[in-house]
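Notes follow once the structure below has been shown.
Note that the coordinates shown come from a computational prediction; the quantities given were computed from them, not determined experimentally.
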Amino acid sequence: RARCPSRWIQFARMERQATSRFPILIAAIVVSSAALGLVYIGLVKPGTPSDEFSHWLNVLYYAKHHGMPKVGAPSVTQEAQQPPLAYAVAALLEGTTRTFLTLRDAFVASRLLGGVEWLLTLFFGWRILGRLLPEDVNGRVVGFAYLALSPMLLAMAWSVQNDTLALLLG
């Protein structure tokens, strides 16, 4: 019987090798991405990202009406045309947070939700890079750092929006 491991076993070995060669560096990249996102939440005023206010209005609409907004209705903007899942999840969080805290806290919680979705996206990004660059561990780490620390992606992910969940779900 030939000793030829399946492709999955080979991939698992390469995954273990990549992760074991740079565990501190990979963790530092993820922690840096999260820290930059938290700094972003603390420093950037609500509504500064160009469409964040529109996304937030969608979240509030879903929380109040328990349904999809209709384009043209009062306080409904162009973001009402977007898929509803991200807004429905954020509306559940908004309602729960607002029960115990303030509207501002609910807004921050919605930004944090985007950050959690971002960190999950990074997990799958690391795995995808492993499939794309199975034998280039250095390239995988550099690509991961580029993804995790991209200012545009960080600003998008840690604001109120539906883009990060769309990236996560593919």
(request) Any chance you could measure Leu153, atom CG, to Trp158, atom CH2, to the nearest 0.5 Å? (result) 13.0 Å
(message) Contact between Lys70 and Val76 at the side-chain level, heavy atoms closer than 4.5 Å - yes or no?
(response) no
(request) Please name the pair of heavy atoms, one in Pro46 and one in Arg104, separated by the smallest distance, quoted to 0.1 Å. (result) CG-NH1, 2.8 Å
(request) Hey, could you give me the NE2/CD distance between His55 and Gln82, rounded to the nearest 0.5 Å? (result) 6.5 Å
(request) First locate atom CZ of Arg127, then atom CG of Leu132, and finally report the distance between them rounded to the nearest 0.5 Å. (result) 12.5 Å
(request) Please answer: with hydrophobic residues joined when any side-chain heavy atoms are less than 4.5 Å apart, are Val44 and Leu149 in the same cluster? (result) yes
(message) Minimum heavy-atom separation for Arg111 and Gly47, please, with both atom names.
(response) NH2-N, 4.3 Å
(message) Ignoring hydrogens, what is the shortest heavy-atom contact between Ser33 and Trp118? Give both atom names and the distance.
(response) OG-NE1, 2.9 Å
(request) Could you tell me the separation between the CD1 atom of Ile41 and the CG atom of Leu112, rounded to the nearest 0.5 Å? (result) 4.0 Å
(request) For residues Gln161 and Ala157, report the shortest heavy-atom separation together with the two atoms involved. (result) NE2-O, 3.1 Å
(request) Applying side chain to side chain contact (heavy atoms under 4.5 Å, CB included) between Glu94 and each of Val89, Leu103, Asp105, report the one that passes. (result) Leu103
(request) Keeping the roles fixed (side chain from Arg140, backbone from Trp126), state whether a donor-acceptor pair exists under 3.5 Å. (result) yes
(request) Quick one: closest heavy-atom pair of Leu129 and Gly143, and the distance? (result) CD1-C, 3.7 Å
(request) Could you check whether the rings of Trp56 and Phe107 sit parallel, tilted or perpendicular, using 30° and 60° as the cut-offs? (result) perpendicular
(request) Please report the closest heavy-atom contact between Ile29 and Ala148, naming both atoms and the distance. (result) CG2-CB, 3.5 Å
(request) Find the distance between CG (Leu119) and OG1 (Thr164) and round it off to the nearest 0.5 Å. (result) 10.0 Å
(message) Would a single hydrophobic cluster contain both Tyr61 and Val71, if residues Ile, Leu, Val, Met, Phe, Trp and Tyr are joined by side-chain heavy-atom contacts under 4.5 Å?
(response) no
(request) Find out if a path of hydrophobic residues (ILVMFWY) with successive side-chain heavy-atom gaps under 4.5 Å connects Val31 to Val39. (result) no
(request) Answer with yes or no whether the hydrophobic clustering places Met156 together with Leu120; edges join I, L, V, M, F, W, Y residues whose side-chain heavy atoms lie under 4.5 Å apart. (result) no
(message) Just to verify, which of Leu57, Thr77, Asn58, Leu60 counts as forming a side chain to side chain contact (heavy atoms under 4.5 Å, CB included) with Pro69?
(response) Asn58
(message) Let me check something: do Leu85 and Tyr62 share a hydrophobic cluster, defined by ILVMFWY side-chain heavy atoms less than 4.5 Å apart, either directly or through other members?
(response) no
(request) Give, for atom CG of Leu133 and atom CD1 of Ile128, the distance between the pair rounded to the nearest 0.5 Å. (result) 11.5 Å
(request) State, with a plain yes or no, whether a side-chain heavy atom of Phe144 is found less than 4.5 Å away from one of Val30. (result) yes
(message) Tell me whether Thr121 contacts the main-chain N or O of Glu117 through its side chain, where contact means a donor paired with an acceptor under 3.5 Å.
(response) yes
